[in-house]
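Here is the structure we will look at, set down as structure tokens.
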Amino acid sequence: MLKMVTFFQGLPGQQSVPGTLDFAGSPPKPRSTSEAESETSMSEASSEDLMPSQEAPDGEEESAKKKEKKSKGLANMFSVFTKGKKKKKDQARLSDPEVQPKSRPELDGPLPTVEELKEALERGRLEVAWQVLALERQLEAAAAAGGTSNEELVWRQSKVEALYVLLRDQVLGVLRRPLEVASERLSQALAVVSQEELEDRRASRGPLAAALETTRPRRWLQLWRGVVAEVAAERLDAQPATVPEGRSEAESRFLHMGRTMKEDLEVVVERLKPLFPDEFQVVHTYAESYHEHFASHLFTLAQFELCERDTYLLLLWVQNLYPNDILNSPKLAQELQGVGLGSLLPPKQIRLLEAMFLSNEVTNVKLLMTRALELESQRWAQDVAPQSLDGHCHSELAIDILQIISQGQTKAENITSDVGVQIKQLLLMELSALLRSYQRTFDEFLEKSKLLRNYRVNIIANINNCLSFRTSMEQRWQIPHDSLNRLVEPLKDLKAHGFDTLLQSLFSDLKPLFKKFTQTRWAKPVETLEEIISTVGASLPEFSELQDCFREELMEAVHLHLVKEYIIRLSKRRLVLKTAEQQQQLARHVLANAEAIQHFCTENGSTATWLHPALPTIAEIIRLQDPSAIKIEVATYATWYPDFTKGHLNAILAIKGNLPSSEVKSIRNILDINTGVQEPSRPLFSLIKVA
């Protein structure tokens with residue numbers, strides 16, 4: 001599987017973006033109609049109490065200074081707590097009693113005035129949240145008790161709501177940048193949100209007085225989730241520092257978004273999860289926000305016409321890198337088990353993209369293979385000698401073709417194994433077509449380039465190529481033997497045509513030598529065969545650059561040719577021997593020649609043991625005088641060579657001039673018993689024409 005880290009190699013350091021879990025910028029301020037009316041009423045009653053101080057509060061001065069500093073990336077941004085680990089035991093946590101949400105505020109002494117609370121909130125003092133809550137409850141109590149005018153209640157509620165707006169902004173501001181603030185301050189903000197959620201639930205159990213506007217539920221936990229969604233968008237939408245050379249803009253965006261999401265969620269798991277109460281589901285919230293924005297971006301991108309590379313990259317991220325290298329990465333897998341993020345794209349869109357990828361990839365593979373064959377055939381036509389590798393003529397064509405196929409297969413498997421299975425069948429079809437084209441191109445070369453100096457060594461290189469093709473296909477694809485044989489059928493024909501061409505001149509040289517057997521009426525069979533073997537032996541070094549297996553096949557073809565031509569000479573009906581002694585003498589010559597041919601061919605690599613009985617049995621038929629014994633030999637011979645016919649038998653029996661025609665007919669009829677014998681897998685007598 002292609003790992004995400006391989007895409008990150010060579011990328012510059014990730015640029016930190018303002019708003020990176022530092023929550024820069026203003027928090028969202030969703031406002032109900034009642035909130036807006038309350039603020040308006042309060043403004044009319046006491047606008048001087050609501051004006052923000054012209055002097056920057058301490059908290060804002062500190063934040064402004066931080067914003068002036070150059071962002072140094074995710075790791076530096078989150079180093080606040082790393083550097084402060086030694087103080088961890090002194091920092092307030094949600095588990096500490098003083099920061100736990102309380103069902104009722106515990107206050108010592110009288111409540112501060114609205115102006116005092118407003119000033120405290122503007123200075124970022126979140127601990128006064130309990131006094132604000134106390135004011136709200138006092139207001140509710142006053143409304144419930146009666147005796148206070150509606151105008152007074154509205155005026156007081158407007159002031160309380162104005163304080164809540166300030167408190168909300170402060171709390172969400174802290175939660176926008178949770179790791180840039182002290183843990184005590186973060187714990188305070190979290191405790192305020194938790195307390196507000198409790199108050200929302202409490203308020204839902206009883207109506208307020210008619211004079212008071214409905215201000216709950218405030219849903220600050222939901223507002224915080226909105227803040228997280230904004231942060232996710234800011235982080236993922238940030239432009240990468242640079243687009244690395246060789247990568248498209250879309251590819252760089254994928255890399256940036258994937259790496260940002262993975263690194264940020266790992267920080268959430270390691271740093272924020274221990275600080276946030278369970279009810280916040282902080283890991284789930286961040287994961288869902290990042291996922292939704294990532295998915296939205298990819299869905300929009302998928303609506304456009306993508307180039308081939310971006311189509312592949314989009315599928316790779318959606319089907320492989322995102323689920324495997326991000327969601328199931330070691331640090332996140334367990335944490336995200338129950339989130340159920342799902343896929344970045346809907347199934348229908350994925351299927352469409354997969355179909356586009358398969359079509360594009362198969363077309364590219366076809367073009368590349370065709371181009372590779374064209375370049376190879378150009379080298380043949382230009383009389384360029386092939387390379388030599390380990391003493392054998394070598395061509396890179398098989399390597400090039402199978403590498404092209406392998407790359408297409410690997411790309412598909414990197415998406416999913418199912419896409420890999422789909423493309424395999426398509427690529428095998430294209431490979432089959434390429435091999436047929438290869439055979440036709442090679443045949444044209446054999447026909448038109450006979451006068452080129454490197455003609456024969458290029459033939460040898462292409463024959464050797466057949467081994468490279470078959471071996472690589474057997475190793476690469478686990479396909480049935482019969483299917484593989486059908487696939488490589490063009491290679492078998494190519495090899496056979498190559499052998500025929502290489503041996504053509506040798507066989508032409510042997511033809512007049514074989515004629516000497518009949519021209520001399522078999523007077524000097526030993527000398528004639530020695531001359532034949534000497535001629536063959538002189539030609540063998542030329543074939544040393546064939547692969548060993550092909551050299552054996554070629555020697556088997558030579559072996560077959562020698563046996564076949566010898567039988568043709570015996571079947572010419574030009575030799576009729578009337579005495580048993582003459583027949584026995586010829587049988588001894590045939591047997592001696594058979595042994596010489598077998599020894600020479602076997603010594604030079606022929607494995608055609610099936611040819612060994614061909615000549616000795618004919619010698620035995622010539623030697624025998626008893627018709628019954630001859631019948632046994634003929635019957636046995638027909639089982640070894642099913643293509644041995646009555647015509648061939650007649651030609652051999654014609655040598656026996658003392659055999660009555662009735663006996664000849666009786667012996668010939670033995671072959672009728674073998675009528676149902678299957679066709680031979682290796683032809684011998686079917687290559688021999690008799691009169």
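No hydrogens, no waters, no symmetry mates; every other heavy atom, side chains included, goes into these values.
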(message) Working note: Lys331 + Glu270, criterion salt bridge (Lys or Arg N to Asp or Glu O under 4.0 Å); need CA distance, chi angles, decisive distance, verdict.
(response) CA-CA 9 Å; Lys331 294 182 179 179; Glu270 295 172 359; 3.4 Å; yes

(request) Using the side chain to side chain contact (heavy atoms under 4.5 Å, CB included) rule, take Leu272 and Val283 through it: C-alpha gap first, then chi angles, then the decisive distance, then the call. (result) CA-CA 8 Å; Leu272 294 188; Val283 176; over 6 Å; no

(request) Could you walk me through whether Arg225 and Leu221 pass the side chain to side chain contact (heavy atoms under 4.5 Å, CB included) test, one step at a time? (result) CA-CA 6 Å; Arg225 294 192 180 102; Leu221 190 59; 3.5 Å; yes

For [Y], is there an ion pair with [X] - N to carboxylate O distance below 4.0 angstrom?
X      : Y      : answer
Glu180 : Arg185 : no
Arg137 : Glu140 : no
Glu136 : Arg216 : yes
Glu122 : Lys118 : yes

(message) I'd like to know if the side chain of His293 pairs up with that of Asp237 as donor and acceptor (distance under 3.5 Å, no hydrogens or angles considered).
(response) yes

(request) Would you tell me whether Glu413 and Gln409 have side-chain atoms, one donor and one acceptor, within less than 3.5 Å of each other? (result) yes

To the nearest 0.5 angstrom, please state how far the [atom1] atom of [X] sits from the [atom2] atom of [Y].
X      : Y      : atom1 : atom2 : value
Leu427 : Ile405 : CG    : CD1   : 5.0 Å
Arg201 : Leu198 : CZ    : CG    : 4.5 Å
Ser252 : Gln239 : OG    : CD    : 10.0 Å
Glu196 : Leu167 : CD    : CG    : 6.5 Å
His291 : Ser343 : NE2   : OG    : 7.0 Å
Leu179 : Leu275 : CG    : CG    : 7.0 Å

Between [X] and [Y], is any pair of side-chain heavy atoms under 4.5 Å apart?
X      : Y      : result
Leu341 : Tyr322 : yes
Phe280 : Thr285 : no
Leu315 : Val419 : no
Ile326 : Leu321 : no
Glu430 : Leu426 : no
Asn360 : Tyr312 : no
Glu115 : Lys159 : yes
Pro277 : Leu190 : yes

(request) Starting from the C-alpha separation in whole Å, work towards a yes-or-no answer on salt bridge (Lys or Arg N to Asp or Glu O under 4.0 Å) for Glu161 and Arg218. (result) CA-CA 11 Å; Glu161 292 308 312; Arg218 290 195 171 94; 2.6 Å; yes

Treating [X] as the side-chain partner and [Y] as the backbone partner, does any N or O pair qualify as donor plus acceptor under 3.5 Å?
X      : Y      : answer
Asn320 : Ile415 : no
Gln131 : Pro112 : no
Ser289 : Tyr286 : no
Arg253 : Leu236 : yes
Thr416 : Gln319 : no
Gln349 : Pro346 : no
Ser296 : Glu292 : no

(request) Apply the side-chain contact (heavy atoms from CB on, under 4.5 Å) test between Val132 and each candidate in Val192, Leu166, Val114, Leu121; give the one that qualifies. (result) Leu121

(request) Let me see the working for Ile423 and Phe357 under side chain to side chain contact (heavy atoms under 4.5 Å, CB included), right down to the final yes or no. (result) CA-CA 10 Å; Ile423 204 171; Phe357 163 76; 4.3 Å; yes

If you count the non-hydrogen atoms of other residues, nucleotides and ligands that lie under 6.0 Å from [atom1] in [X], is the total more than 12?
X      : atom1 : value
Lys273 : NZ    : no
Arg351 : CZ    : yes
Gln303 : CD    : yes
Glu119 : CD    : no

(message) Students often mix this up, so state it plainly: with edges at 30° and 60°, are the rings of Trp224 and Phe276 parallel, tilted or perpendicular?
(response) tilted

(message) Ring-plane angle category for Trp317 and Phe254, please: parallel below 30°, perpendicular beyond 60°, tilted otherwise.
(response) tilted

(request) Identify, with sequence neighbours excluded, every residue that meets side chain to side chain donor-acceptor pair (under 3.5 Å) alongside Glu361. (result) Lys411

(request) Kindly state each residue pair satisfying salt bridge (Lys or Arg N to Asp or Glu O under 4.0 Å) with at least one member in residues 146-156, sequence neighbours excluded. (result) none

Shortest non-hydrogen contact from [X] to [Y]?
X      : Y      : result
Leu301 : Leu306 : O-CD2, 3.6 Å
Leu332 : Val269 : CD2-CG2, 3.8 Å
Glu279 : Ser194 : OE2-OG, 3.5 Å
Leu314 : Leu298 : CD1-CD2, 3.7 Å
Tyr290 : Ala232 : CD1-CB, 3.6 Å
Leu126 : Gln188 : CB-OE1, 3.9 Å

(request) May I have the step-by-step check of side chain to side chain contact (heavy atoms under 4.5 Å, CB included) for Glu308 and Asn364, ending in yes or no? (result) CA-CA 10 Å; Glu308 295 176 10; Asn364 286 337; 2.6 Å; yes

